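The sequence lines fix the lettering, A, B, ..., with proteins before strands; numbering per chain opens at 1. Worth saying up front: this structure is predicted, and the values here are computed from it rather than measured.
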There are 2 protein chains.
Amino acid sequence: METKIIPDIIVGRMPLYLRALQRMIEEGRRVTSSQELGERLGISAAQIRKDLSQFGEFGKQGTGYSIDYLAGQISQILKVDRVWEIIVVGAGDIGSAVARYQGFTNRGFRVTMLFDNDPTKIGQQVGNFTVLDSKDLEEAIQKAGIQVAMIATPSPEAQAVADLLVKAGIRAILNYAPTSLNVPEGVQLQYIDPVVHLQRMTYYL
Amino acid sequence: METKIIPDIIVGRMPLYLRALQRMIEEGRRVTSSQELGERLGISAAQIRKDLSQFGEFGKQGTGYSIDYLAGQISQILKVDRVWEIIVVGAGDIGSAVARYQGFTNRGFRVTMLFDNDPTKIGQQVGNFTVLDSKDLEEAIQKAGIQVAMIATPSPEAQAVADLLVKAGIRAILNYAPTSLNVPEGVQLQYIDPVVHLQRMTYYL
DNA sequence: TAGATTGTTAATCGATTAACAATC
DNA sequence: TAGATTGTTAATCGATTAACAATC
């Protein structure tokens, strides 16, 4: 029953707060302040307090935030207090690396299947995965009730794959293909294209 | 001699415009409009015109933009009308995938060296690269005059690697380790962390 | 010419920051 | 209590949108 609408730009910062807090937990820390978090992240303390206050009152005047507690609260807010199963489409270099990536553990995600449409790849072993045939994508998604997918195909195929994923019931797509996609309202879409980041930096060199 | 300061948020959209234009070139298109670009990218036409007008007048009333010409202009603006050599630090799954990635070609970048500090990896072949010893990082960067680097090490090592890179003269870092880094003023820093994108989406599920 | 689309201005909208009372 | 830090309000700042004259 989402009543208050939180600006997307704030939602987008919450994972950064969570990541910093989890780092602090690893370091054995117990409490932090908006100021310290801000320094680590390069964000103003006022903004962090304002962002967090959108979701509740998590701190104590005079002492700051319990790291464990705040991390737990943000995990709930972002719905990563559970494990989302992900499928990966495209078993090339990127798809294979993503499928093997250890960094999803404990952050709310687990890759469960890896697909490709290349007959020479289907059946091959990639880490713990046997590459599955893309033609079985829809059935597999529906059978397992998967909601999150990553696209790691060549650009020209990405839109068709996205269409298929949406049709199969996928509700969130992370696209590694360097191309813009169109998905229906209500389907979440995010992009990872290293060149976009690199070009943004070379402007300043 | 940069005189007018362009908001960073606008600089950040320019690579997206360039990517869409290069896609149109592949499709054999010759001209486009702010409206068409906007539809592809999910950005308003007014914003695209406003963004582009920060850098010059690239269009023609009544007809729109020559795709070739505009792509060329944006390439110059972003300084990707040349090829930047990149080094990759960390030859695990991500670093290896990034080093082999074909998508840098024609977009202004080329990976030239791949480093690791793990003796079992040093000397191994990864695609066209022989994994080099991280202890030679500084010398190699300076000798080749490299300015752009990617970090693909485990999180705990990332800050130390960043410090070393900066010391060696690197001016732009793309960090794949899921941790915030601190670099001196004037050194460009961007992040890629798939989990941040995924968590931003699960909020809405 | 008529239609289309730019570049730009002014208006609107939204995000960030500064400041401080509340309170641990 | 004194010091520290939150959550929140009001002020500032910046980004987006709407509208349109200019002009191809």
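Among C:dT6, C:dT16, D:dA15, the nucleotide with an atom closest to any side-chain atom of B:Ser34 is C:dT6. Picking from D:dT8, D:dT16, C:dA15 the nucleotide with the shortest atom distance to the side chain of B:Ile9 gives D:dT16. Minimum atom distance to the side chain of A:Gln61 is reached by D:dT5, of the listed C:dA15, D:dT5, D:dT16.
You'll find the side chain of B:Asp93 stays beyond 4.5 Å of the side chain of A:Tyr101, heavy atoms only. Counting only heavy atoms from C-beta outward, the side chains of A:Lys79 and A:Trp84 approach each other to under 4.5 Å. Residues B:Pro194 and A:Phe109 have side chains not in contact (no heavy-atom distance under 4.5 Å, counting atoms from C-beta outward).
Atom-to-atom distance recorded for A:Thr32:OG1 and A:Glu36:CD is 3.5 Å, nearest 0.5 angstrom.
Residue A:Ile67 contributes atom CD1, which lies 16 Å from atom C1' of D:dT6 at whole-angstrom precision. A:Ile10 has its CD1 atom 7 Å from the P atom of C:dT16, to the nearest Å. Remark: P of D:dT16 and CG of B:Leu52 are 13 Å apart, rounded to the nearest angstrom. Going from atom CG of B:Leu41 over to atom P of D:dT16 covers 14 Å, rounded to whole Å. Following rounding to the nearest Å, A:Asp51 (CG) and D:dG7 (P) show an atom-to-atom distance of 12 Å.
In terms of position along DNA chain D, the nucleotide closest to A:Thr63 lies nearer the 5' end than the nucleotide closest to the other residue of the pair A:Thr63 and A:Lys50. Toward the 5' end of DNA chain C, the nearer of the two residues A:Lys60 and A:Ile43, judged by each one's closest nucleotide, is A:Ile43.
Using the Watson-Crick or G-U wobble rule with both distances under 3.5 Å, C:dA15 pairs with D:dT12. When both distances must be under 3.5 Å, the Watson-Crick or G-U wobble mate of C:dC24 is D:dG3.
For D:dT16, one of the phosphate oxygens OP1 or OP2 lies less than 4.0 angstrom from a side-chain nitrogen or oxygen of B:Gln47. Using a 4.0 Å cut-off, some side-chain N or O of A:Tyr65 falls inside it from OP1 or OP2 of D:dG7. Dashed line: the shortest gap from a side-chain N or O of B:Arg49 to OP1 or OP2 of C:dG7 is not under 4.0 Å.
In this structure, a donor-acceptor pair under 3.5 Å is present between the side chains of A:Asp163 and A:Gln159.
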